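First the structure, in the form of C-alpha coordinates, and then the observations on it.
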2 protein chains.
Amino acid sequence: MICMATINMGDLKQRFQERQYKLTPQRQIVLQAFVDNPGKHLSAEDVHNIVRKQSAEIGLATVYRTLELLSDMDVLQKMDFGDGRSRYEINEDSSEHHHHHLICLSCGTVKEFEDDLLETLETVIARKSNFKIVDHQVKFYGYCDKCQSSRED
Amino acid sequence: MICMATINMGDLKQRFQERQYKLTPQRQIVLQAFVDNPGKHLSAEDVHNIVRKQSAEIGLATVYRTLELLSDMDVLQKMDFGDGRSRYEINEDSSEHHHHHLICLSCGTVKEFEDDLLETLETVIARKSNFKIVDHQVKFYGYCDKCQSSRED
DNA sequence: CTGTCTGCAAAAAATTTGCACTCTC
DNA sequence: GAGAGTGCAAATTTTTTGCAGACAG
(Lines give C-alpha, C1' and ligand atoms only; values in the text may rest on other atoms or scores of the structure.)
Protein backbone atom coordinates (compact mmCIF):
# COMPACT_ATOMS: atom_id res chain seq x y z
CA MET A 1 0.00 0.00 0.00
CA ILE A 2 1.36 3.35 -0.98
CA CYS A 3 -0.24 6.19 0.82
CA MET A 4 -1.08 9.17 -1.30
CA ALA A 5 0.63 12.44 -0.62
CA THR A 6 -1.95 14.65 0.94
CA ILE A 7 -1.95 18.06 2.45
CA ASN A 8 -4.62 19.40 4.69
CA MET A 9 -4.98 22.93 3.44
CA GLY A 10 -6.96 24.18 6.40
CA ASP A 11 -4.51 22.79 8.87
CA LEU A 12 -1.68 24.16 6.80
CA LYS A 13 -3.09 27.64 6.74
CA GLN A 14 -3.22 27.59 10.48
CA ARG A 15 0.37 26.44 10.73
CA PHE A 16 1.36 29.35 8.54
CA GLN A 17 -0.55 31.82 10.63
CA GLU A 18 1.01 30.58 13.82
CA ARG A 19 4.34 31.70 12.46
CA GLN A 20 2.98 34.84 10.87
CA TYR A 21 3.69 33.52 7.43
CA LYS A 22 1.25 33.91 4.62
CA LEU A 23 -0.06 31.12 2.48
CA THR A 24 0.37 33.06 -0.73
CA PRO A 25 -0.66 31.90 -4.20
CA GLN A 26 2.97 31.16 -5.06
CA ARG A 27 3.39 28.98 -2.01
CA GLN A 28 0.19 27.12 -2.76
CA ILE A 29 1.31 26.57 -6.32
CA VAL A 30 4.60 25.10 -5.17
CA LEU A 31 2.77 22.78 -2.81
CA GLN A 32 0.38 21.81 -5.55
CA ALA A 33 3.31 20.67 -7.66
CA PHE A 34 4.12 18.11 -5.00
CA VAL A 35 0.52 17.01 -4.61
CA ASP A 36 0.24 16.60 -8.38
CA ASN A 37 3.42 14.57 -8.56
CA PRO A 38 3.25 12.01 -5.81
CA GLY A 39 6.29 9.84 -5.40
CA LYS A 40 8.48 12.19 -7.40
CA HIS A 41 11.45 13.77 -5.74
CA LEU A 42 11.37 17.24 -7.15
CA SER A 43 14.26 19.66 -7.33
CA ALA A 44 13.82 23.41 -7.26
CA GLU A 45 14.13 23.52 -11.01
CA ASP A 46 11.65 20.67 -11.44
CA VAL A 47 9.13 22.60 -9.42
CA HIS A 48 9.84 25.74 -11.38
CA ASN A 49 9.26 23.95 -14.67
CA ILE A 50 6.09 22.30 -13.46
CA VAL A 51 4.49 25.51 -12.30
CA ARG A 52 5.58 27.36 -15.44
CA LYS A 53 3.89 24.75 -17.61
CA GLN A 54 0.71 25.45 -15.74
CA SER A 55 1.00 29.04 -16.92
CA ALA A 56 1.76 30.22 -13.43
CA GLU A 57 4.43 32.85 -13.45
CA ILE A 58 6.81 32.46 -10.56
CA GLY A 59 10.47 33.27 -10.01
CA LEU A 60 13.03 30.58 -9.40
CA ALA A 61 14.29 32.44 -6.35
CA THR A 62 10.80 32.31 -4.92
CA VAL A 63 10.70 28.58 -5.48
CA TYR A 64 13.97 28.23 -3.58
CA ARG A 65 12.69 30.45 -0.76
CA THR A 66 9.44 28.54 -0.61
CA LEU A 67 11.13 25.15 -0.54
CA GLU A 68 13.32 26.26 2.30
CA LEU A 69 10.38 27.67 4.21
CA LEU A 70 8.35 24.52 3.76
CA SER A 71 11.29 22.38 4.85
CA ASP A 72 11.70 24.45 7.97
CA MET A 73 8.03 23.94 8.67
CA ASP A 74 8.44 20.21 8.12
CA VAL A 75 5.86 20.27 5.37
CA LEU A 76 8.47 19.13 2.91
CA GLN A 77 11.55 17.08 3.49
CA LYS A 78 14.80 17.98 1.84
CA MET A 79 16.86 15.14 0.53
CA ASP A 80 19.88 14.40 -1.53
CA PHE A 81 20.37 11.57 -3.97
CA GLY A 82 23.84 12.53 -5.00
CA ASP A 83 22.96 14.17 -8.28
CA GLY A 84 24.21 17.56 -7.23
CA ARG A 85 20.95 19.20 -6.37
CA SER A 86 18.56 19.07 -3.44
CA ARG A 87 15.31 17.28 -3.88
CA TYR A 88 12.14 17.51 -1.88
CA GLU A 89 9.09 15.48 -1.08
CA ILE A 90 6.04 15.87 1.07
CA ASN A 91 6.69 14.97 4.65
CA GLU A 92 3.74 12.69 5.36
CA ASP A 93 4.07 12.68 9.05
CA SER A 94 6.41 15.01 10.84
CA SER A 95 8.21 12.44 12.91
CA GLU A 96 7.19 8.87 12.27
CA HIS A 97 7.09 6.34 9.57
CA HIS A 98 9.35 7.71 6.94
CA HIS A 99 9.88 5.47 4.01
CA HIS A 100 13.32 4.56 2.79
CA HIS A 101 14.70 5.02 -0.66
CA LEU A 102 16.10 2.33 -2.88
CA ILE A 103 18.33 3.96 -5.45
CA CYS A 104 19.31 2.03 -8.53
CA LEU A 105 22.97 2.46 -9.32
CA SER A 106 22.37 1.58 -12.91
CA CYS A 107 19.34 3.56 -14.06
CA GLY A 108 18.97 5.98 -11.18
CA THR A 109 15.39 5.07 -10.37
CA VAL A 110 14.38 5.90 -6.85
CA LYS A 111 11.89 3.48 -5.38
CA GLU A 112 10.25 3.92 -2.04
CA PHE A 113 9.98 1.33 0.60
CA GLU A 114 8.25 1.12 3.94
CA ASP A 115 9.37 -0.94 6.82
CA ASP A 116 8.97 -0.65 10.50
CA LEU A 117 12.12 -2.54 11.34
CA LEU A 118 13.92 0.75 11.26
CA GLU A 119 11.89 2.11 14.12
CA THR A 120 13.25 -0.73 16.18
CA LEU A 121 16.74 0.06 15.02
CA GLU A 122 16.23 3.67 15.98
CA THR A 123 15.29 2.70 19.49
CA VAL A 124 18.29 0.44 19.84
CA ILE A 125 20.65 3.08 18.54
CA ALA A 126 19.16 5.80 20.66
CA ARG A 127 19.72 3.68 23.73
CA LYS A 128 23.24 2.64 22.86
CA SER A 129 24.47 6.00 21.69
CA ASN A 130 22.90 8.50 24.04
CA PHE A 131 21.48 10.37 21.11
CA LYS A 132 17.91 11.59 21.20
CA ILE A 133 16.91 10.64 17.70
CA VAL A 134 14.10 12.57 16.10
CA ASP A 135 14.43 11.62 12.47
CA HIS A 136 16.27 9.38 10.12
CA GLN A 137 17.03 9.07 6.49
CA VAL A 138 18.02 5.85 4.86
CA LYS A 139 19.20 5.14 1.38
CA PHE A 140 19.86 1.74 -0.07
CA TYR A 141 21.92 1.50 -3.22
CA GLY A 142 21.64 -1.42 -5.54
CA TYR A 143 20.14 -2.64 -8.75
CA CYS A 144 16.47 -2.60 -9.50
CA ASP A 145 14.47 -5.43 -10.92
CA LYS A 146 14.79 -4.21 -14.47
CA CYS A 147 18.51 -3.52 -14.38
CA GLN A 148 19.22 -6.87 -12.78
CA SER A 149 17.70 -8.65 -15.77
CA SER A 150 19.43 -6.53 -18.37
CA ARG A 151 22.76 -7.04 -16.65
CA GLU A 152 22.49 -10.79 -17.13
CA ASP A 153 23.18 -10.47 -20.83
CA MET B 1 35.76 -0.28 19.34
CA ILE B 2 36.48 2.19 16.62
CA CYS B 3 38.58 0.81 13.87
CA MET B 4 41.24 3.11 12.55
CA ALA B 5 41.07 4.24 9.01
CA THR B 6 43.76 2.36 7.21
CA ILE B 7 44.82 2.03 3.65
CA ASN B 8 46.97 -0.71 2.34
CA MET B 9 49.25 1.15 -0.02
CA GLY B 10 50.56 -1.92 -1.78
CA ASP B 11 47.12 -3.27 -2.43
CA LEU B 12 46.01 0.17 -3.50
CA LYS B 13 48.81 0.55 -6.00
CA GLN B 14 47.72 -2.69 -7.56
CA ARG B 15 44.12 -1.55 -7.79
CA PHE B 16 45.31 1.54 -9.56
CA GLN B 17 47.39 -0.40 -11.99
CA GLU B 18 44.53 -2.72 -12.82
CA ARG B 19 42.68 0.26 -14.16
CA GLN B 20 45.73 1.86 -15.69
CA TYR B 21 45.59 4.71 -13.25
CA LYS B 22 48.68 6.06 -11.63
CA LEU B 23 49.17 6.51 -7.93
CA THR B 24 50.68 9.94 -8.31
CA PRO B 25 52.09 12.06 -5.47
CA GLN B 26 48.99 14.27 -5.56
CA ARG B 27 46.71 11.28 -5.19
CA GLN B 28 48.74 9.93 -2.33
CA ILE B 29 48.67 13.30 -0.63
CA VAL B 30 44.89 13.43 -0.88
CA LEU B 31 44.62 9.96 0.59
CA GLN B 32 47.03 10.91 3.34
CA ALA B 33 44.72 13.73 4.35
CA PHE B 34 42.05 11.15 5.11
CA VAL B 35 44.42 8.86 6.94
CA ASP B 36 45.64 11.79 9.04
CA ASN B 37 42.10 12.86 9.87
CA PRO B 38 40.25 9.76 10.88
CA GLY B 39 36.59 10.20 11.63
CA LYS B 40 36.45 13.56 9.86
CA HIS B 41 34.18 13.95 6.92
CA LEU B 42 36.25 16.09 4.63
CA SER B 43 34.99 18.23 1.79
CA ALA B 44 37.06 19.01 -1.28
CA GLU B 45 38.00 22.34 0.18
CA ASP B 46 38.89 20.78 3.53
CA VAL B 47 41.28 18.44 1.76
CA HIS B 48 42.71 21.30 -0.25
CA ASN B 49 43.38 23.32 2.89
CA ILE B 50 44.91 20.39 4.71
CA VAL B 51 47.36 19.55 1.96
CA ARG B 52 48.26 23.19 1.46
CA LYS B 53 49.12 23.55 5.12
CA GLN B 54 51.53 20.69 4.68
CA SER B 55 53.32 22.80 2.10
CA ALA B 56 52.15 20.52 -0.67
CA GLU B 57 51.11 22.48 -3.70
CA ILE B 58 48.07 21.02 -5.38
CA GLY B 59 45.23 22.46 -7.41
CA LEU B 60 41.67 22.38 -6.17
CA ALA B 61 40.55 20.90 -9.47
CA THR B 62 42.96 18.05 -8.92
CA VAL B 63 41.48 17.47 -5.51
CA TYR B 64 38.03 17.26 -7.03
CA ARG B 65 39.23 14.93 -9.74
CA THR B 66 41.02 12.76 -7.23
CA LEU B 67 38.05 12.56 -4.90
CA GLU B 68 35.85 11.49 -7.75
CA LEU B 69 38.34 8.91 -8.90
CA LEU B 70 38.75 7.47 -5.43
CA SER B 71 35.00 7.32 -4.98
CA ASP B 72 34.61 5.45 -8.22
CA MET B 73 37.23 3.02 -7.01
CA ASP B 74 35.37 2.64 -3.73
CA VAL B 75 38.40 3.80 -1.79
CA LEU B 76 36.43 6.77 -0.54
CA GLN B 77 32.75 7.13 0.03
CA LYS B 78 30.95 10.27 -0.99
CA MET B 79 28.35 11.54 1.40
CA ASP B 80 26.13 14.46 2.03
CA PHE B 81 25.21 15.99 5.33
CA GLY B 82 23.08 18.74 3.94
CA ASP B 83 25.56 21.56 4.22
CA GLY B 84 25.73 22.17 0.51
CA ARG B 85 28.94 20.38 -0.29
CA SER B 86 29.95 16.78 -0.72
CA ARG B 87 31.98 15.15 1.96
CA TYR B 88 34.11 12.05 1.83
CA GLU B 89 35.49 9.41 4.12
CA ILE B 90 37.55 6.31 3.76
CA ASN B 91 35.50 3.33 2.73
CA GLU B 92 36.71 0.73 5.20
CA ASP B 93 35.31 -2.23 3.47
CA SER B 94 33.86 -2.00 0.02
CA SER B 95 30.56 -3.64 0.70
CA GLU B 96 29.93 -4.56 4.30
CA HIS B 97 29.73 -3.05 7.66
CA HIS B 98 29.27 0.59 7.02
CA HIS B 99 28.70 2.64 10.06
CA HIS B 100 25.78 4.98 10.38
CA HIS B 101 25.90 8.66 11.13
CA LEU B 102 24.20 10.38 14.00
CA ILE B 103 23.88 14.02 13.16
CA CYS B 104 23.13 16.49 15.92
CA LEU B 105 20.53 19.01 14.84
CA SER B 106 21.74 21.44 17.44
CA CYS B 107 25.52 21.54 17.20
CA GLY B 108 26.07 19.71 13.93
CA THR B 109 28.37 17.06 15.36
CA VAL B 110 28.49 13.92 13.32
CA LYS B 111 28.99 10.81 15.41
CA GLU B 112 29.53 7.40 13.99
CA PHE B 113 27.75 4.32 15.04
CA GLU B 114 28.09 0.65 14.22
CA ASP B 115 25.30 -1.82 14.29
CA ASP B 116 24.63 -5.02 12.49
CA LEU B 117 20.87 -4.79 12.74
CA LEU B 118 20.93 -2.95 9.49
CA GLU B 119 22.36 -5.91 7.67
CA THR B 120 19.27 -7.82 8.68
CA LEU B 121 17.11 -5.00 7.50
CA GLU B 122 18.93 -4.97 4.21
CA THR B 123 18.19 -8.64 3.67
CA VAL B 124 14.54 -8.18 4.46
CA ILE B 125 14.22 -5.22 2.16
CA ALA B 126 16.10 -6.91 -0.64
CA ARG B 127 13.70 -9.82 -0.47
CA LYS B 128 10.55 -7.74 -0.30
CA SER B 129 11.49 -5.22 -2.93
CA ASN B 130 13.29 -7.19 -5.60
CA PHE B 131 16.24 -4.85 -5.35
CA LYS B 132 19.73 -6.25 -5.29
CA ILE B 133 21.16 -4.06 -2.57
CA VAL B 134 24.89 -3.48 -2.58
CA ASP B 135 25.25 -0.55 -0.24
CA HIS B 136 23.38 1.63 2.15
CA GLN B 137 23.71 4.94 3.83
CA VAL B 138 21.89 5.84 6.98
CA LYS B 139 21.61 9.10 8.79
CA PHE B 140 19.91 9.63 12.09
CA TYR B 141 19.07 13.14 13.12
CA GLY B 142 18.65 14.10 16.72
CA TYR B 143 20.33 15.70 19.66
CA CYS B 144 23.62 14.59 21.09
CA ASP B 145 24.39 14.00 24.69
CA LYS B 146 25.79 17.45 25.25
CA CYS B 147 23.02 19.35 23.52
CA GLN B 148 20.37 17.37 25.38
CA SER B 149 21.73 18.60 28.67
CA SER B 150 22.10 22.20 27.61
CA ARG B 151 18.56 22.21 26.28
CA GLU B 152 17.19 21.37 29.67
CA ASP B 153 17.89 24.90 30.92
C1' DC C 1 56.82 9.79 -27.86
C1' DT C 2 52.18 8.68 -26.25
C1' DG C 3 48.89 8.93 -23.10
C1' DT C 4 47.94 10.25 -18.36
C1' DC C 5 47.91 13.78 -15.04
C1' DT C 6 48.18 18.50 -13.37
C1' DG C 7 47.46 23.49 -12.65
C1' DC C 8 45.30 27.36 -13.93
C1' DA C 9 41.68 30.00 -15.41
C1' DA C 10 37.28 30.04 -17.32
C1' DA C 11 32.76 28.00 -17.40
C1' DA C 12 28.84 25.91 -15.63
C1' DA C 13 25.47 24.79 -12.29
C1' DA C 14 23.00 25.44 -8.01
C1' DT C 15 21.68 28.47 -4.61
C1' DT C 16 21.48 32.97 -2.18
C1' DT C 17 21.02 37.83 -1.78
C1' DG C 18 19.97 42.93 -2.60
C1' DC C 19 16.66 45.83 -3.93
C1' DA C 20 12.66 47.98 -5.75
C1' DC C 21 8.03 46.97 -6.16
C1' DT C 22 3.56 44.67 -4.84
C1' DC C 23 0.29 42.90 -1.98
C1' DT C 24 -2.08 42.05 2.61
C1' DC C 25 -3.75 42.98 6.96
C1' DG D 1 1.36 52.29 5.50
C1' DA D 2 4.17 48.70 7.76
C1' DG D 3 5.79 44.38 7.13
C1' DA D 4 5.84 40.25 4.45
C1' DG D 5 6.43 38.39 -0.07
C1' DT D 6 7.90 38.55 -4.91
C1' DG D 7 10.65 38.98 -9.24
C1' DC D 8 14.64 40.05 -11.31
C1' DA D 9 19.36 40.38 -11.81
C1' DA D 10 23.65 40.12 -9.67
C1' DA D 11 26.53 37.71 -6.49
C1' DT D 12 28.23 33.61 -4.21
C1' DT D 13 29.44 28.97 -3.83
C1' DT D 14 30.50 24.49 -5.43
C1' DT D 15 31.95 21.70 -9.04
C1' DT D 16 33.40 20.83 -13.86
C1' DT D 17 35.94 21.56 -18.03
C1' DG D 18 39.42 23.12 -21.68
C1' DC D 19 43.84 23.46 -22.58
C1' DA D 20 48.84 23.83 -22.43
C1' DG D 21 52.54 22.04 -20.17
C1' DA D 22 54.74 18.26 -17.06
C1' DC D 23 55.55 13.66 -16.19
C1' DA D 24 55.86 8.48 -16.45
C1' DG D 25 56.39 4.18 -18.92
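Just so you know, these numbers come straight off a predicted model, no measurement behind them. Proteins come first, then strands; the chains are lettered A, B, ... in the order of their sequence lines, and each starts at number 1.
Aromatic ring centroids of A/His100 and B/His136 lie 6.0 Å or more apart.
Whole-Å rounding puts the A/Asp72 CG to D/dG5 P distance at 13 Å. Taking atom CD1 of residue B/Ile29 and atom C1' of nucleotide C/dT6, one finds them 12 Å apart after rounding to whole Å. Summarising the geometry, the separation between CZ on A/Phe16 and C1' on D/dG5 is reported as 12 Å, rounded to the nearest angstrom. If you take NE2 of B/His48 and P of D/dT16, they are 15 Å apart, rounded to a whole angstrom. One atom, CG of B/Leu23, and another, C1' of D/dA24, lie 13 Å apart when rounded to the nearest Å. Look at CZ on A/Arg65: it is 8 Å from P on D/dG7, rounded to the nearest Å. Taking atom CG of residue B/Asp80 and atom P of nucleotide D/dT14, one finds them 13 Å apart after rounding to whole Å. Put simply, CZ on B/Arg19 is 16 Å from C1' on C/dT4, counting in whole angstrom units.
For B/Leu60, whose side chain is taken as the heavy atoms from C-beta onward, the closest listed nucleotide among C/dT6, D/dG7, D/dT15 is D/dT15. Comparing D/dG7, C/dC5, C/dA14 against the side chain of A/Glu45 picks out C/dA14 as the nearest. Among the nucleotides D/dT14, C/dT6, D/dG7, the one closest to the side chain of B/Thr24 is C/dT6.
Counting non-hydrogen atoms under 4.0 angstrom, B/Arg27 reaches the backbone sugars and phosphates but no base.
Under 4.0 Å is where a charged nitrogen must lie from a carboxylate oxygen, and between B/Asp46 and B/Arg87 at least one such pair does.
Taking both residues in full, the closest heavy atoms of A/Ala33 and A/Val51 are given as CB-CG1, 4.4 Å, listed atom of the first, atom of the second, then distance. Annotation for A/Leu70 and A/Phe16: closest pair CD2-CZ, 3.8 Å, computed over non-hydrogen atoms. Taking all atoms of both residues into account, the shortest heavy-atom contact from B/Lys78 to B/Gln137 is O-OE1, 3.8 Å.
Within the 4.0 Å cut-off from OP1 or OP2 of D/dT15, at least one side-chain nitrogen or oxygen of B/Tyr64 is found. Put simply, A/Gln20 has no side-chain N or O that comes within less than 4.0 Å of OP1 or OP2 on C/dC25. Residue B/Gln26 places no side-chain N or O under 4.0 Å from the OP1 or OP2 atom of D/dC23.
Looking at which nucleotide of DNA chain D each of B/Ala61 and B/Arg85 is closest to, the 5′-most match is held by B/Arg85. Both B/Lys22 and B/Ser43 lie near DNA chain D, and the one whose nearest nucleotide falls closer to the 5' end is B/Ser43.
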